[in-house]
Amino acid sequence: MAQYKDNTLLEAQKSKLKPPSMFKVMLLNDDYTPMEFVVLVLQKFFNMTRERATQVMLKVHRDGIGVCGVYPKDVAATKVQQVAGFSRKHQHPLQCVMEET
Ligand code: TYC
C-alpha cells in the first residue's frame, strides 16, 4: 500500500486476469491412415519440418498417441477441426483430439 504526502492511500490491485488455459492437440494411431499422410498433416497444420513430423508420426505409430502442439482453446479446436476435415476429404480415419494441460 502506497501512502502519498496528501494522505492518499493506494492499494495495489490484484490482477483478475488469469493466463488462458492451454490445450494439448494429439493424434491417435490407427491401422489404415498412411504414414505419409500423417507426416503431411503435421507439416501442414502444425508447421513442423519433415524431420520433426516424421519423428512425431513414428511416436504416435509406436505409442498409440502423441502431442502435436499446445495452444489456447480456440486455436486447439480449430486444429482439431482442420485435421478432421482434411482426413475426411482424403477418406482416412485419422483422429485428432484435444485435452486441457
Ligand atoms: N499406423 C499407421 C500405419 O501403420 C500410421 C499412423 C501413424 C496412423 C500415426 C495414424 O496418427 C497416426 N500406416
Side-chain angles (χ1 to χ4, degrees):
M1 177 133 34
Q3 178 147 21
Y4 295 90
K5 279 191 274 216
D6 64 355
N7 271 342
T8 308
L9 294 173
L10 272 184
E11 187 154 19
Q13 293 281 306
K14 268 257 175 64
S15 172
K16 283 161 199 153
L17 295 176
K18 41 183 173 38
S21 44
M22 299 295 278
F23 285 73
K24 291 183 285 186
V25 175
M26 293 169 297
L27 280 184
L28 306 183
N29 188 33
D30 65 71
D31 292 340
Y32 306 104
T33 305
M35 289 184 170
E36 179 56 35
F37 184 79
V38 179
V39 170
L40 202 71
V41 163
L42 290 167
Q43 292 186 97
K44 184 176 172 69
F45 297 112
F46 299 94
N47 308 314
M48 291 185 197
T49 62
R50 187 157 187 89
E51 292 67 36
R52 178 76 189 130
T54 302
Q55 285 178 354
V56 172
M57 180 280 293
L58 286 173
K59 193 251 184 253
V60 177
H61 178 68
R62 191 177 359 102
D63 300 347
I65 194 164
V67 177
C68 312
V70 178
Y71 307 96
K73 191 174 197 173
D74 56 339
V75 178
T78 300
K79 304 266 181 208
V80 169
Q81 285 312 308
Q82 285 174 325
V83 173
F86 191 64
S87 301
R88 200 175 331 108
K89 181 170 130 190
H90 292 273
Q91 301 190 303
H92 295 309
L94 182 62
Q95 296 273 38
C96 185
V97 298
M98 60 192 273
E99 178 186 283
E100 196 164 2
T101 57

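Counting convention: from 1, in listed order, for ligands and their atoms alike. Just so it is clear, the model here is predicted, and its values are computed rather than measured.
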(request) Check the pair K73 / M98 against side chain to side chain contact (heavy atoms under 4.5 Å, CB included), numbers first and verdict last. (result) CA-CA 9 Å; K73 191 174 197 173; M98 60 192 273; 4.1 Å; yes
Quiz: residues 23-41 side-chain donor-acceptor pairs under 3.5 angstrom, not counting sequence neighbours:
unit_1 : atom_1 : unit_2 : atom_2 : d
K24    : NZ     : E99    : OE2    : 3.2
N29    : ND2    : H61    : O      : 3.4
D30    : OD1    : Y32    : N      : 2.7
D30    : OD1    : T33    : N      : 2.6
D30    : OD1    : T33    : OG1    : 3.1
D30    : OD2    : T33    : OG1    : 2.8
T33    : OG1    : L94    : N      : 3.3
E36    : OE1    : R50    : NH2    : 2.7
E36    : OE2    : R50    : NH2    : 3.1

Nearest 0.5 angstrom please: [X] [atom1] to [Y] [atom2], how far?
| X | Y | atom1 | atom2 | value |
| --- | --- | --- | --- | --- |
| I65 | Q95 | CD1 | CD | 11.0 Å |
| F45 | C68 | CZ | SG | 11.5 Å |
| F46 | C96 | CZ | SG | 4.5 Å |
| Q55 | M57 | CD | CE | 10.5 Å |

(message) For L28, which part has a heavy atom under 4.0 Å from ligand 1: side chain, backbone, both, or neither?
(response)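 Answer for L28: backbone.
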(message) Y32 versus ligand 1: do any nitrogen or oxygen atoms come within less than 3.5 Å of each other?
(response)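 By distance alone, the answer is no.
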(request) Please indicate whether any nitrogen or oxygen in D31 is less than 3.5 Å from any nitrogen or oxygen in ligand 1. (result)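 No, there is no polar N/O contact under 3.5 Å.
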Among all protein non-hydrogen atoms, which one is nearest to [atom], and what is the separation to 0.1 Å?
| atom | value |
| --- | --- |
| atom 3 (C) of ligand 1 | T33 O, 3.7 Å |
| atom 2 (C) of ligand 1 | D30 O, 3.2 Å |
| atom 4 (O) of ligand 1 | H61 CE1, 3.1 Å |

(request) Considering the heavy atoms of V60, write down every atom of ligand 1 situated less than 4.0 Å from one of them. (result)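 Those atoms are 9 (C), 11 (O), 12 (C).
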(message) As an exercise, identify every atom of ligand 1 less than 4.0 angstrom from a heavy atom of L94.
(response)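 This gives 10 (C), 11 (O), 12 (C) as the contact atoms.
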(request) Please work out which of V56, L42, N29, L58 has its closest non-hydrogen atom nearest to atom 8 (C) of ligand 1. (result)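 Looking at heavy atoms only, the winner is N29.
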(request) Taking all non-hydrogen atoms of both residues into account, name the closest pair between Q43 and A53 and its distance. (result)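 Q43 and A53 have their closest heavy atoms at CG-CB, 3.8 Å.
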